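Report on one structure; see the data block that follows.
All values derive from a computational prediction rather than experimental measurement. Each ligand, and each atom within it, is numbered from 1 in the order the structure gives. As a basis for the values below, the full set of heavy atoms in this structure was taken, side chains included, without hydrogen atoms, waters or symmetry mates.
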Amino acid sequence: MDYKAQVTNSILSVLNDELSSAEVYEKLEKPKSLSMGDLAFPAFSLAKVFHKAPNQIATDLVAKIDQTSYEKVEAKGAYINFFLDKGKFSSQVLTNIIEEGSTYGQNDNGKGGNVPIDMSSPNIAKPISMGHLRSTVIGNSIAKLLVKNGYHPIKDNHLGDWGTQFGKLIVAYKKWGNEADVKKDPINNLVKYYVKFHKEDKEHPELDDEARETFKKLEDGNKEELELWKWFRRVSLESFNKIYDKLGVTFDTYNGEAFYNDKMDEGIQILKDKGLLVESRGAQVVNLDKYKLNPALILKSDGATLYITRDIATAIYRDRTYKPAMNLYVVGSEQTYYFKQLKAVLLEMGLPSAENLHHIPFGLITVNGKKLSTRSGRIILLDEVLDDAINLAKKQIEAKNPDLANKDEVAKEVGWCDYFR
Ligand code: ARG
């Protein structure tokens, strides 16, 4: 049902050919606030024909309009505001959905355009967090909406699999870890080593130097460090995949930060060539005054790269590989400022798809008002949350419908399973 057409007919029924159907249809507006209705017709254009003030015209016409198929129709200033009958509207929408089934809403507006969605993107050797869960399910839903709208989404799990923390983890594993424990329960044990590192390095700051050297070895491709890193990455992914399987979410690519580690030179070169990279206290930054943002730190004073340096490489890669119609990043709102900076840097670089970069933020989950942090051990394990949801549903069933035959199955569906699919 085209509600604009319905409203157009209502207006036409109280006019005498002063405006054509197409003219009325085009003039209909969506009011700024729902309190002013769902569709509004401005009466200004009729002032000349009727030789009356638009306010008066609106009032006169409303008196003549048959309101039976609306919740109400009212004149407000020069506008005629139409309030759709929500009950009828909902029942119409639901009937359409049932009739059209999986084709409901399908359209070709996206013309097959590629849309990489940076989603989930957990960090290796750490448990997948509530934030990563939200990114996973929001990203997955957006992918489905995009398909409906004729786009081609590319679900891209940008794993946090590179950075100085792996130097720390390798040092910690070598000092306090063992293979059997990691094999038995990879993530929990790797987190244990990492947390211990941060406790110990307060009293033994030399551990930090050791970690820095170890990360350097990893960057240089030293065999022992590289093997350990690959192993940590593999076991982490295996454990993440168990959760993705539960949620029924799949990805098109898992190119994490490490994948872009050898692809950063090009971005840095473009920044240099365009004269955008300037020195600030030994470090290399891009000035973003024009965007009212703080400068973006691209290279540290020792030449080390950062999260943003890898994200610049990622954006160039996606731009070239997919020629994206849109570039979406489903990442928690604590990174909103960061994504503003990233977009600004890419705009300055002249990257074609920078204009269509959109950060899709979501709220931060805290525990007792504090941010979750692996380092401090303040974490909520996603697996436990999912199991809790099922157990809570089971309790409700026991209390309200204890004779139900397939309790476990229903608890799982009610708890979360079908909810996320
Ligand atoms: N791994 C990051 C985190 O857990 C999220 C990565 C988001 N994606 C990106 N391209 N920066 O905070």
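A344 and L288 get closest at one heavy-atom pair: CB-CD2, 3.8 Å.
Between R318 and ligand 1, no pair of N/O atoms sits closer than 3.5 Å. The N/O atoms of D118, backbone and side chain alike, include one that comes under 3.5 Å of an N/O atom in ligand 1. In terms of polar-atom proximity, defined here as any N/O pair under 3.5 Å, Y338 makes no such contact with ligand 1.
Proximity of a side-chain donor or acceptor of D319 to a complementary backbone N or O of S353 within less than 3.5 Å is detected. For D201 (side chain) and L207 (main-chain N/O), no donor-acceptor pair under 3.5 Å exists by modelled atom type. Between the N189 side chain and the D185 main chain, a donor and an acceptor come within less than 3.5 Å of each other. Of the possible polar contacts, none joining the T214 side chain to the R212 backbone as a donor-acceptor pair under 3.5 Å is found.
Of all the atoms in ligand 1, the ones that sit under 4.0 Å from a non-hydrogen atom of H158 are 8 (N), 9 (C), 10 (N). If you number the atoms of ligand 1 from 1 as listed, the ones under 4.0 Å from a heavy atom of V331 come out as 7 (C). The atoms of ligand 1 that sit less than 4.0 Å from any heavy atom of Y329 are 10 (N). Distances below 4.0 Å separate heavy atoms of H132 from the following atoms of ligand 1: 3 (C), 4 (O).
When only non-hydrogen protein atoms are considered, atom 12 (O) of ligand 1 lies nearest to Q335 NE2, 3.0 Å. Protein heavy atom closest to atom 7 (C) of ligand 1, with residue, atom name and distance, is Y307 OH, 3.4 Å.
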Next item on the list: For the pair D181 and K192, evaluate salt bridge (Lys or Arg N to Asp or Glu O under 4.0 Å) and give the outcome as yes or no after the intermediate values.
Entry: CA-CA 11 Å; D181 283 349; K192 214 168 74 190; 5.1 Å; no

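The shortest heavy-atom distance from R310 to ligand 1 is not under 4.0 Å.
The 12-atom threshold is exceeded at CD of E23, counting heavy atoms of other residues, nucleotides or ligands nearer than 6.0 Å.
Comparing T314, L342, N123, D161 against atom 3 (C) of ligand 1, the shortest heavy-atom distance belongs to N123.
Side chains of Y322 and N327 form no contact here, defined as non-hydrogen atoms less than 4.5 Å apart.
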